[in-house]
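Below: the structure, in structure tokens.
Sequence lines set the chain letters: A, B, ... in the order given, protein chains first and strands last, and positions in each chain run from 1.
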There are 2 protein chains.
Amino acid sequence: MDQDIEIKSVLPDFELDAFLPYVLAEAAQKLSRDLAAIYRDCGLSTPQWRVMVHLFYSGQVSVRDIERRVSMEKSKVSRAAARLETAGLVEKRADPADGRLVALSLTDQGRALMARLLPRALEYQRQLEGLLGPDLNGFRHALTRLLNSEKTA
Amino acid sequence: MDQDIEIKSVLPDFELDAFLPYVLAEAAQKLSRDLAAIYRDCGLSTPQWRVMVHLFYSGQVSVRDIERRVSMEKSKVSRAAARLETAGLVEKRADPADGRLVALSLTDQGRALMARLLPRALEYQRQLEGLLGPDLNGFRHALTRLLNSEKTA
DNA sequence: AATCTTTTGTTGCATGCGCAACGATGTCAA
DNA sequence: TTGACATCGTTGCGCATGCAACAAAAGATT
């Protein structure tokens, strides 16, 4: 009891709303949810969406490339790619130079789908940028600094 | 092929590193992971940690209160609370006024644990604030604006 | 060449999550 | 009071996820 009051007086300003990891997680969840509304109608999950985006701009890539680039586990990428192949959006071939690698690439159907979805995603991005206004640059700067920071905890 | 070039020329600046939902998700994941290093040694999961924090500052609360306040599903809160009770950190009683409600509160052991963990969490928070420096206020402002924005997508 | 190590992608397994259904309790109206 | 409806918390179920183990292939070392 006394312990309570003492500790709370020592830690008065610890509010979840002011705690950066919490607020950041909430904001990220909201943006991800709003964005997912764009591609979920097409039956894409978030991992599948990320693979599609990466493939659209990278052409022919392996699972390992996506893993490193988009910070997704191998298994996550593998399963997403398998379903995308079943859906006819992605083609999986064996890399002729290295038998271990799988060459992932979009099919025509996959490209057509992205041509339909990407403009909507970009429109959402522009909405967010307009919403942030003058704080946008500082916001981006802060995010990159957080991402590149060492974990000193 | 021609379609590719055409679309890419129309959507040239769509890079994942510049796409706010993606970067925000990455940053949130990193901060959450670094913070989890503080309380994971004590056997707490992230949902359990959030329940503990809320209980520490809110005293006696119901599952529904936590659900609304911390944006966690009922089931998530319920299972977290059940495990916390098993671990002896949280006490579950029936609300005398309303039989449906469950009165959650920290045990002495739970309070002692939080008294040990919260200073470390606050130190991490101060590290983040120091890292952001002058961008901190704009960063906070941007986050709240994103959280309060309507989903117009 | 032969063997050992490393890398790549898939799969099994245990765990956690979201959603819906459910029992229990409370509220309201007739 | 009774019955219809709402609310709260738990649980079952399907699914995704992270981790480790694994087979196949490539590379390194002798």
Task: Full working for side chain to side chain contact (heavy atoms under 4.5 Å, CB included) between A:L24 and B:F139 - done: CA-CA 10 Å; A:L24 204 58; B:F139 187 69; 3.6 Å; yes
Measure [atom1]/[X] against [atom2]/[N] and give the value in whole Å, please.
X: B:K92; N: D:dT10; atom1: NZ; atom2: C1'; result: 8 Å
X: B:I66; N: D:dC8; atom1: CD1; atom2: C1'; result: 13 Å
X: A:R83; N: C:dT10; atom1: CZ; atom2: P; result: 14 Å
X: A:L101; N: D:dA26; atom1: CG; atom2: P; result: 9 Å
X: B:L44; N: C:dG16; atom1: CG; atom2: P; result: 13 Å
X: B:D98; N: D:dG9; atom1: CG; atom2: C1'; result: 11 Å
X: B:L104; N: D:dG9; atom1: CG; atom2: P; result: 8 Å
X: B:M72; N: C:dG18; atom1: CE; atom2: P; result: 8 Å

TODO: For DNA chain D, find the residues of residues 73-80 of chain A with a heavy-atom distance under 4.0 Å and give them by number; none if there aren't any.
DONE: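 Contacting residues: A:E73, A:S75, A:K76, A:R79.
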TODO: Mark yes when over 12 heavy atoms from residues, nucleotides or ligands other than A:R145 sit less than 6.0 Å from its CZ; otherwise mark no.
DONE: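 Yes, enclosed.
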- [ ] Assign each of A:A81 and A:Q29 to its nearest nucleotide of DNA chain C by heavy atoms, then name whichever residue's nucleotide is nearer the 5' end.
- [x]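 Per heavy-atom nearest nucleotide, the more 5' residue is A:A81.
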Open item on the list: Go nucleotide by nucleotide along DNA chain C from the 5' end; which of B:P47 and A:E67 gets its closest nucleotide reached first?
Closed with: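 Going by which nucleotide is closer to the 5' end, it is A:E67.
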TODO: Determine: side-chain N/O of A:R100 to OP1/OP2 of C:dG9, distance under 4.0 Å, yes or no.
DONE: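 For C:dG9, neither OP1 nor OP2 has a side-chain N or O of A:R100 closer than 4.0 Å.
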- [ ] Using only side-chain N and O atoms of A:S45, determine if any of them is under 4.0 Å from OP1 or OP2 of D:dA16.
- [x]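 Checking D:dA16 against A:S45, no side-chain N or O comes under 4.0 Å of OP1 or OP2.
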- [ ] Test A:L84 against A:L44 for side chain to side chain contact (heavy atoms under 4.5 Å, CB included), laying out the working first.
- [x] CA-CA 8 Å; A:L84 289 172; A:L44 293 182; 3.7 Å; yes
Open item on the list: Does A:Y39 form a side chain to side chain contact (heavy atoms under 4.5 Å, CB included) with A:V53? I'd like the steps, not just the answer.
Closed with: CA-CA 11 Å; A:Y39 54 73; A:V53 171; over 6 Å; no
- [ ] Say whether, by atom type as modelled, one donor and one acceptor occur between the side chain of A:S149 and the main chain of A:L146 under 3.5 angstrom.
- [x]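 Looks like yes, one N/O pair under 3.5 Å.
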TODO: Locate the shortest heavy-atom distance separating B:M52 from B:G110; write the atom from each residue and the value.
DONE: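 Smallest interatomic distance, heavy atoms only, reads CE-O, 3.8 Å.
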Open item on the list: Check A:R69 with B:D17, please: is the shortest side-chain N to carboxylate O separation under 4.0 Å?
Closed with: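 Looking at B:D17 and A:R69, the cut-off is met.
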